[in-house]
Colleague: 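This structure is in structure tokens; I'll ask about it shortly.
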Amino acid sequence: MLELKVINDNPAPSKKGGCSAGSCGSNDEQMSHLPEHIREKVYNHPCYSEQAHHYFARMHVAVAPACNIQCHYCNRKYDCANESRPGVVSELLTPDQAVKKVMAVAANIPQMTVLGIAGPGDPLANPERTFDTFRQLTEKAPDIKLCVSTNGLSLPECVDELVKHNIDHVTITINCVDPDVGAKIYPWIFWNNKRIHGRKGAAILIEQQQKGLEMLTARGVLVKVNSVLIPGVNDEHLKEVSKVVKAKGAFLHNVMPLIAEAEHGTFYGVMGQRSPNKAELQALQDACEGDMNMMRHCRQCRADAVGLLGEDRGSEFTLDKIETMEIDYAEAMKKRAVVHAAIAEELNAQAARPAQKNDIPAHYRPVLMAVATSGGGVINQHFGHAKEFLVYEASPAGVRFIGHRKTDLYCSGGDTCGDADTALQTSIRALEGCEAVLCSKIGYSPWGELEAAGIQPNGEHAMEPIEDAVMAVYKEMIAAGKLDEAPALYGAGNAA
Ligand code: CLF
Ligand code: SF4
């Protein structure tokens with residue numbers, strides 16, 4: 001395969017270029033310490049590598065309607081909250097329809113490297129539909145990585161089948177390792193044809209999850225653990241979860257915020273269980289980071305999402321549209337290989353760049369900056385076109401990725417940036433705690449309002465690599481004396 005040839009000729013990036021002497025803090029820095037065969041598994045998986053998510057896309061097919069447990073944060077009418085934000089799946093697909101859709105997307109979005117099955121129920125509670133889809137894709141689209149996300153209840157009995165289909169990325173949602181905590185999250189499980197309630201059900205689920213995790217890691221499958229952070233229920237406990245799953249060989253831990261709204265009709269939503277704020281999420285991710293690699297770029301995507309993380313191009317690939325598409329997959333694979341090779345070359349070039357020397361005195365405080373990007377690892381988006389911003393922390397230790405902030409799109413195009421004041425205010429609220437926003441362009445009106453809110457707009461670094469630009473702006477702030485005053489309390493200030 002061309003992409004592997006390129007990677008083998010020029011080993012996968014060992015360190016992201018442009019970062020200062022300190023750690024980038026992203027999992028790409030951690031990736032540099034991985035064995036070559038693992039790096040090759042993750043370098044083009046947008047969820048398993050923070051760097052990859054700037055370049056490579058994933059898609060989900062919604063072939064798995066049933067579930068074998070009940071989570072208090074889930075309503076069956078909505079996508080599985082393991083891997084999605086609430087929102088109904090537009091189209092439930094048969095395996096044949098799903099395969100057709102995957103091939104259509106792969107032909108039209110060549111940077112799509114991963115097909116995941118993540119709902120809307122539990123993929124392994126629908127084994128025939130799930131494995132029929134995987135079996136067909138292994139034959140018809142061998143250049144696509146296969147990925148699955150499960151609650152873990154049926155995992156041990158499915159491990160052989162997963163390995164048989166070369167599925168080497170599995171996500172297990174593990175919210176607890178203590179049945180008393182579990183009883184507050186799972187009202188029941190369906191096990192051996194019976195509904196088992198409370199602590200007893202939670203204990204069986206935990207045992208199955210842990211057993212499945214051990215079996216997969218023993219077979220060399222990369223396992224990511226997702227955990228839903230539920231304040232007052234499992235927040236403190238997740239540190240223990242992180243330790244336990246790391247000890248059992250999990251590759252990555254993704255702590256996601258609970259989404260609980262009364263209108264979703266979930267138990268937590270109706271009961272008024274609150275979601276964590278940004279500061280609580282970041283604090284817990286930082287606390288767990290000592291134990292293992294943390295994922296911070298998850299978008300809690302839909303069970304039928306298509307595109308780069310953070311974008312959804314599903315509406316371009318509805319069943320009626322796919323019916324009209326003529327797909328020559330052999331031809332598409334050639335084009336895909338060329339695109340993948342170009343991205344690999346770009347990543348290798350980045351890795352080959354010498355690290356910048358960082359001579360910033362250690363007493364300067366860290367600063368959060370927001371970045372508008374549409375992918376490619378560079379600053380390339382107009383402020384008014386951004387539906388989300390990536391947030392980076394710059395400090396004397398270097399630049400590290402912190403997370404993303406969703407915002408309402410307020411610019412309908414053209415040069416009339418800033419017409420919709422309310423939406424602009426929403427964007428500004430989303431950027432709370434950030435001291436600068438870097439974008440390719442910005443209109444006069446939002447510029448003034450951002451400045452008034454204490455966020456310095458910056459359009460000087462268009463098309464530059466994100467981390468280089470963030471470090472350059474940090475140095476400019478130091479040179480301008482802006483960091484000589486007392487530290488900005490961005491952590492506390494982020495409380496929603
Ligand atoms: Fe899908 Fe999940 Fe595979 Fe990724 S998503 S099955 S591992 S291909 Fe990714 Fe989406 Fe977060 Fe999931 S951003 S919700 S972690
Ligand atoms: Fe819902 Fe997923 Fe939990 Fe099943 S595992 S109840 S589909 S969130």
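One-based numbering, in listed order, for ligands and for the atoms of each.
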Colleague: Does the pair Lys334/Asp143 count as a salt bridge with the N-to-O cut at 4.0 Å?
Modeller: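 The answer is no: the pair does not qualify as a salt bridge.
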Colleague: Please work out whether any backbone atom (N, CA, C, O) or any side-chain heavy atom from C-beta onward of His60 is under 4.0 Å from ligand 1, and answer side chain, backbone, both or neither.
Modeller: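 Under 4.0 Å from ligand 1, His60 contributes side-chain atoms alone.
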Colleague: What atoms in ligand 1 come closer than 4.0 Å to a heavy atom of Leu309?
Modeller: 13 (S)
Colleague: Of all the atoms in ligand 2, which lie at a distance below 4.0 Å from a heavy atom belonging to Asn151?
Modeller: 5 (S)
Colleague: Any carboxylate oxygen within less than 4.0 angstrom of a Lys/Arg side-chain nitrogen, looking at Glu214 and Lys211?
Modeller: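 Looking at Lys211 together with Glu214, the answer is no, because their closest N to O distance does not fall below 4.0 Å.
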Colleague: Which atoms of ligand 1 sit under 4.0 Å from any heavy atom of Thr171?
Modeller: 7 (S)
Colleague: Are the side chains of Val225 and Gln209 in touch, meaning some heavy atoms are under 4.5 Å apart?
Modeller: no
Colleague: Within a distance under 4.0 Å of any heavy atom of Ile69, pick out the atoms of ligand 2 and give their elements.
Modeller: 4 (Fe), 5 (S), 6 (S)
Colleague: May I ask you to list the atoms of ligand 1 that are less than 4.0 angstrom from any heavy atom of Lys224?
Modeller: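 Counting from 1, the qualifying ligand atoms are 7 (S), 15 (S).
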Colleague: Do His45 and Cys147 have side chains that get closer than 4.5 Å, going by heavy atoms?
Modeller: yes
Colleague: Near Tyr73, which atoms of ligand 2 are under 4.0 Å from a heavy atom of that residue?
Modeller: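 Those atoms are 8 (S).
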Colleague: Which residue from His297, Arg302, Arg299 reaches closest to atom 13 (S) of ligand 1 through any of its heavy atoms?
Modeller: Arg299
Colleague: For Gly121, state whether at least one heavy atom is located under 4.0 Å from any atom of ligand 2.
Modeller: yes
Colleague: Between the side chain of Ser242 and the main-chain N/O of Leu238, is any donor-acceptor distance below 3.5 Å?
Modeller: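 Side chain of Ser242 to backbone of Leu238: no pair is present.
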Colleague: Quick one: which of Cys74, Pro187, Ser149 has a heavy atom closest to atom 1 (Fe) of ligand 2?
Modeller: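 The option holding the nearest heavy atom is Cys74.
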Colleague: Without hydrogens or angle criteria, can the side chains of Thr318 and Asp320 be said to hold a donor-acceptor pair below 3.5 Å?
Modeller: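 Yes, because at least one side-chain N or O of Thr318 sits under 3.5 Å from a partner of the opposite role on Asp320.
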Colleague: Report, in ascending order of atom number, the atoms of ligand 1 lying under 4.0 Å from any heavy atom of Cys147.
Modeller: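 Ligand 1 atoms under the 4.0 Å threshold to Cys147: 3 (Fe), 6 (S), 7 (S), 8 (S).
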Colleague: Under 2.8 Å from atom 1 (Fe) of ligand 2, is there any N, O or S atom belonging to Cys71?
Modeller: no
Colleague: Using a strict 4.0 Å cut-off to heavy atoms of Cys298, name the atoms of ligand 1 that fall inside it.
Modeller: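 Within the 4.0 Å cut-off of Cys298, ligand 1 contributes 11 (Fe), 13 (S), 14 (S), 15 (S).
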Colleague: Would you mind checking if Lys164 and Glu161 are paired as a salt bridge, meaning a charged N to carboxylate O distance below 4.0 Å?
Modeller: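 Salt bridge flag = yes for Lys164 with Glu161.
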Colleague: Give a yes or no on whether the ring-centroid distance for Tyr43 and Tyr55 is below 6.0 angstrom.
Modeller: no
Colleague: I'd like to know if Pro120 contacts ligand 2, where contact means a heavy-atom distance under 4.0 Å to any ligand atom.
Modeller: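 For ligand 2, residue contact (heavy atoms, under 4.0 Å) with Pro120 is present.
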Colleague: Provide the number and element of each atom of ligand 1 under 4.0 Å from a heavy atom of Cys47.
Modeller: 4 (Fe), 5 (S), 7 (S), 9 (Fe), 13 (S), 15 (S)
Colleague: Given that the side chain starts at C-beta and the backbone is N, CA, C, O, which of these parts of His169 lies under 4.0 Å from ligand 1, counting heavy atoms, or is it both or neither?
Modeller: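 Within the 4.0 Å criterion, His169 makes no contact with ligand 1.
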Colleague: So, the side chain of Asn380 versus the backbone of Gly375: is there a donor-acceptor pair under 3.5 Å, distance only?
Modeller: yes
Colleague: Which atoms of ligand 1 have any heavy atom of Val114 under 4.0 Å away?
Modeller: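 This gives 8 (S) as the contact atoms.
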Colleague: Using a strict 4.0 Å threshold on nitrogen-to-oxygen distance, state whether Arg400 and Asp286 make a salt bridge.
Modeller: yes
Colleague: Under a 4.0 Å threshold between the charged nitrogen and the carboxylate oxygen, would Glu432 count as salt-bridged to Lys278?
Modeller: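 Here Lys278 does not pair with Glu432 in a salt bridge, since their nearest N and O are not under 4.0 Å apart.
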